[in-house]
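Residues take their numbers from the sequence shown, with the count starting at 1.
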Amino acid sequence: MNKKGLAILMRTRMKPTNPSGLSLFPAANEANKLVSSSEINQSDGSIARLAREEKNKIYSQKLNSSGNTYREFEFVRETMHSAISMNKTEVLDNVLNNFSEGYSSLSHENRRKLLLVLAKEYDLNRTQIRELIKQYLGLELPSGEKTQSSGTEEEGSLSAFYRTERNLRHALKPTYEVLFERLNTHPGGLKFLSILRADILCILTEDNIASLRALDSYLKEKLITWLSPAALELHHITWDDSASLLEKIVAYEAVHPISSLTDLKRRLGVGRRCFGYLHPAIPGEPLIFIEVALLKNVAQTIQEVLWDDPPIPECESTCALFYSISSTQPGLVGINLGKFLIKRVIKLVKRDMPHISTFATLSPIPGFMQWLLSKLASQSKLAEAETGGMAHSSAESFGSTFRENILESEEERALLDSSVEFAAGASGMEVMWNLLTDANFEWINSARLLSVLKPPLMRLCARYLLQEKKRGKALDSVANFHLQNGAMVERLNWMADRSEKGLLQSGGIMVNYVYRLDDIEEYAQSYFSSGHIHTSSDLCCYVEPLKENEPTKD
């Protein structure tokens with residue numbers, strides 16, 4: 001193994017045992033050992049005395065720990081205030097360093113407290129804003145006659161408007177904007193801001209606090225501006241890149257984990273490409289990266305992409321297949337860097353390899369199984385209530401309103417027939433539930449069960465992708481991502497990913513999205529404006545036509 005390979009392997013294997021990064025009081029563990037030994041050997045007075053002294057020492061440390069934590073929090077709070085209010089540029093860098101380093105040492109609870117202080121105490125001055133609005137509403141617009149009579153008089157009459165509007169614009173900027181702006185121009189500050197936002201998002205999942213939501217929204221807008229495509233460098237990642245960069249590719253790969261150095265080298269070798277967006281303020285660390293396979297045809301299984309050996313000669317390829325896209329910064333959630341990355345990669349590949357005519361994906365469907373199992377559970381309960389006889393007419397009305405036939409009659413019969421041998425159940429839905437929730441995934445090893453489950457799963461998956469919506473857009477997050485970028489839904493692939501993750505997410509089904517170069521902007525616009533999903537005629541046959549927003553048969 002070469003030096004680079006060894007460095008990557010060693011670094012990726014070194015996982016911290018304490019994810020919080022906080023001390024676990026190793027001295028306390030030693031004291032406990034001493035105490036235990038003293039209890040075993042009571043006759044040895046010196047050992048017992050040493051144990052008692054050590055135990056008392058640890059107890060004193062624990063009593064003082066809360067005070068130390070408080071002082072640490074106050075120090076970071078003071079440095080944050082200085083970073084916002086200070087005007088002395090010659091010492092500002094030191095203050096920002098102290099703040100970022102101090103913040104990193106805080107516990108989760110103290111980070112929460114500090115961010116709430118930032119969100120509430122450094123927010124807008126709403127009293128000032130109200131006064132300025134009153135002033136603005138009290139100003140009198142110049143009459144049309146005066147405006148026509150003299151340009152000088154017009155400027156004089158409008159000067160009060162200009163002044164008040166300028167003051168309003170300034171007042172509508174929260175005080176914490178100063179901290180964000182200064183950190184953005186500080187070495188390592190942009191990376192720190194992404195960590196800060198990741199913490200904000202984490203807290204918001206626990207407690208939906210309005211002031212913290214406003215803080216997150218403002219920081220997100222700033223990050224979108226600072227991470228515009230003009231500020232990002234598209235980098236072709238190869239085996240010749242630094243070990244530290246390749247280590248990050250291994251660590252952050254979120255779709256198909258990299259199993260070995262051989263796997264990594266293959267993904268960066270002949271017939272494969274890997275591109276990442278880098279920012280000058282975060283050197284050597286891609287913010288997002290995409291993996292591409294050069295193939296003769298659009299792949300139908302992930303095995304074709306990851307495990308086929310050797311790859312075809314690049315000159316014979318006609319398809320660039322995007323099979324993995326991963327973001328490396330949790331704090332950049334909601335900032336669609338992938339949209340720009342895919343479009344730039346398409347242009348670059350088309351320029352360098354004109355023989356490539358198809359640009360497609362082989363994508364997971366992460367929300368399908370969760371949606372399906374929820375449907376099966378709710379419909380089974382409604383069916384059970386109906387067959388059991390409901391006492392009240394209101395209950396009957398409820399059942400008839402929400403009851404739907406998840407399975408076709410022939411699918412129901414096939415599943416019930418299979419239940420004799422494989423899984424018991426009073427209905428086809430119950431049989432399907434029992435099969436799909438089997439922890440050992442026994443159903444994928446049976447040719448009969450695969451043939452029984454394929455028709456309903458493929459049909460329901462098409463329905464999930466094309467018809468299930470949230471706020472007018474595709475319910476599935478990956479589908480929504482590609483559709484808003486201008487792709488169309490091309491094909492569902494049965495048993496395309498037999499890994500545990502693939503089976504848990506989508507029953508092994510994967511989907512091809514296709515980017516048609518001439519239609520990308522049109523498709524993106526129609527999806528954005530009306531939720532219109534473009535798809536192939538082959539896929540449309542799986543679902544019943546919708547009354548509204550029926551998928552286009554391209």
Side-chain angles (χ1 to χ4, degrees), residues 180 184 190-191 193-198 200-202 204-205 213 216-235 237 252-255 274-282 285-292 320 322-349 359-367 465 469-489 511 513-517 519-534:
F180 297 159
N184 180 49
L190 186 61
K191 171 75 172 178
L193 284 170
S194 73
I195 295 171
L196 206 69
R197 183 164 183 257
I200 294 170
L201 293 171
C202 180
L204 285 173
T205 61
R213 260 199 335 266
D216 172 61
S217 178
Y218 202 86
L219 180 53
K220 179 183 175 182
E221 289 177 7
K222 287 293 182 182
L223 289 171
I224 288 172
T225 301
W226 296 328
L227 297 173
S228 66
L232 300 173
E233 173 198 351
L234 181 63
H235 179 66
I237 300 167
Y252 289 123
E253 165 58 59
V255 185
C274 183
F275 298 95
Y277 259 151
L278 277 70
H279 192 281
I282 310 178
E285 183 167 352
L287 304 182
I288 189 171
F289 61 91
I290 189 169
E291 296 172 68
V292 187
F322 308 128
Y323 64 92
S324 177
I325 183 166
S326 301
S327 176
T328 67
Q329 309 297 319
L332 301 184
V333 169
I335 301 173
N336 193 355
L337 299 176
K339 171 183 178 181
F340 305 111
L341 179 60
I342 285 178
K343 291 182 179 179
R344 285 190 65 180
V345 168
I346 287 174
K347 289 181 180 179
L348 182 63
V349 172
F359 295 88
T361 80
L362 183 60
S363 299
I365 313 168
L465 287 176
K469 302 289 185 73
K470 179 181 180 181
R471 297 174 185 169
K473 301 297 186 292
L475 183 59
D476 188 78
S477 58
V478 174
N480 184 56
F481 170 78
H482 287 294
L483 293 169
Q484 70 180 355
N485 292 343
M488 63 172 291
V489 190
V511 58
Y513 300 99
V514 170
Y515 286 86
R516 293 183 174 177
L517 301 187
D519 300 320
I520 287 177
E521 296 304 325
E522 178 191 342
Y523 287 3
Q525 181 57 38
S526 63
Y527 179 72
F528 176 78
S529 60
S530 64
H532 189 84
I533 297 176
H534 296 263

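C274 SG to E291 CD: the interatomic distance, rounded to the nearest 0.5 Å, is 5.0 Å. Taken from CG in L483 to NE2 in H534, the straight-line distance is 9.0 Å, to the nearest 0.5 Å. Annotation: the span from Y277 atom OH to T328 atom OG1 amounts to 14.0 Å, rounded to 0.5 Å.
Each of L341, I342, I520 was scored for a side chain to side chain contact (heavy atoms under 4.5 Å, CB included) with N485, with one residue passing: I342.
Residues satisfying the side chain to side chain contact (heavy atoms under 4.5 Å, CB included) criterion with K473, sequence neighbours excluded, are N480, Y527.
Within the 4.5 Å cutoff, the side chain of L193 has heavy atoms near those of the W226 side chain. Contact of the L204 side chain with the R213 side chain is registered, since non-hydrogen atoms from C-beta on lie closer than 4.5 Å. Residues L223 and L190 meet the side-chain proximity criterion, which asks for heavy atoms closer than 4.5 Å. Residues H279 and L227 meet the side-chain proximity criterion, which asks for heavy atoms closer than 4.5 Å. Looking at F275 and L348, their side chains come closer than 4.5 Å, going by heavy atoms from C-beta outward. The side-chain heavy atoms of P366 and D476, taken from C-beta on, include a pair separated by under 4.5 Å. The closest side-chain heavy-atom distance from Y252 to E285 is below 4.5 Å. Considering only heavy atoms from C-beta on, R197 comes within 4.5 Å of K220 through its side chain.
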Show your reasoning for whether side-chain contact (heavy atoms from CB on, under 4.5 Å) applies to F340 and L232.
CA-CA 10 Å; F340 305 111; L232 300 173; over 6 Å; no
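Note on E521 versus K343: salt bridge recorded, some NZ/NE/NH1/NH2 to OD/OE distance being below 4.0 Å.
The aromatic rings of F322 and Y515 sit perpendicular to each other, their planes meeting at more than 60°, with 30° as the lower class boundary.
Side chain to side chain, E253 and S324 meet the donor-acceptor criterion of an N or O pair below 3.5 Å.
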